[in-house]
Amino acid sequence: MSILVINGPNLNNLGTRDPEIYGNTTLREIEDLMTQYGDVRGLTLEFFQSNHEGSIVDLLQEKGPSSQGIIINPAAFTHTSVALRDALSQIEIPVIEVHISNIHAREEFRRISYISGVATGQIVGLGTQGYLLALDYLADLFEKGGTND
Ligand code: DQA
């Protein structure tokens with residue numbers, strides 16, 4: 001079983017997109033770091049990035065039920081997508097919502113997340129390290145047999 005790592009719209013442009021907000025690390029570099037750390041923690045990862053809401057919903061329906069956990073940065077869909085929320089709420093596995101920037105300290109419209117209500121937890125504002133922290137959480141959770149203690 002693997003962990004789905006899903007990145008939403010415009011995150012394929014990490015590295016050059018608003019580096020003062022999102023840093024200089026590319027998505028490929030983040031995925032490489034996650035793969036390396038996943039190996040250390042004994043986790044198998046499967047990566048997906050899309051700029052299309054329906055493609056993410058399709059992926060969640062197809063692969064969500066047979067996955068171990070989900071790490072998702074829904075990007076702009078965070079603030080708009082009931083469809084993504086509904087897709088996630090049908091899957092009975094841990095879901096970690098990650099945002100590189102602190103969405104609560106930015107524009108008003110970014111403070112609303114349609115996803116957080118169906119996520120296990122949310123990591124915001126810790127830069128690209130947030131993805132690795134999400135991996136750590138899931139690895140610890142599975143080692144403890146699924147309890148949150
Ligand atoms: C983001 C925050 C969102 O508001 C924004 O639309 C993104 C990236 C983040 O990682 O900080 O695309 O999810």
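One-based numbering, in listed order, for ligands and for the atoms of each.
By the 4.5 Å side-chain criterion applied to Ile, Leu, Val, Met, Phe, Trp and Tyr, Ile103 is assigned to a cluster that also includes Val124.
Closest to atom 5 (C) of ligand 1, if we only count protein heavy atoms, is Arg110 NH1, 3.3 Å. Looking only at protein heavy atoms, the nearest one to atom 3 (C) of ligand 1 is His79 NE2, 3.5 Å. For atom 11 (O) of ligand 1, the nearest non-hydrogen atom of the protein is Ser101 OG, 2.6 Å.
Per-residue contacts place Ala76 under 4.0 angstrom from the following atoms of ligand 1 (heavy atoms of the residue considered): 6 (O), 12 (O).
The residues Arg28 and Asp32 are annotated as salt-bridged, a charged nitrogen and a carboxylate oxygen being separated by less than 4.0 angstrom. Checked for salt-bridge contact, Glu107 and Arg110 meet the test: a charged N lies under 4.0 Å from a carboxylate O.
With a 4.0 Å heavy-atom cut-off, ligand 1 is reached by the side chain of Ile103 but not by its N, CA, C or O. Proximity of Ile100 to ligand 1, defined as any heavy-atom pair under 4.0 Å, is shared by backbone and side chain alike. Neither the backbone nor the side chain of Arg111 comes within 4.0 Å of ligand 1, counting heavy atoms alone.
Taking only nitrogen or oxygen atoms, main chain and side chain alike, His99 reaches within less than 3.5 Å of ligand 1.
Between His79 and His99, the angle of the ring planes stays under 30°, which puts this pair in the parallel group of the 30/60° scheme.
With sequence neighbours left out, the side-chain hydrogen bond (donor to acceptor under 3.5 Å, both in side chains) criterion links Gln49 to Asn12, Asn51.
Not a single heavy atom of Thr78 sits closer than 4.0 Å to an atom of ligand 1. The shortest heavy-atom distance from Arg17 to ligand 1 is under 4.0 Å.
Using modelled atom types, one finds no donor on one side chain facing an acceptor on the other under 3.5 Å when comparing Gln68 with Ser2.
Nearest approach of Thr16 to Pro19, heavy atoms of both residues: O-CD, 3.5 Å.
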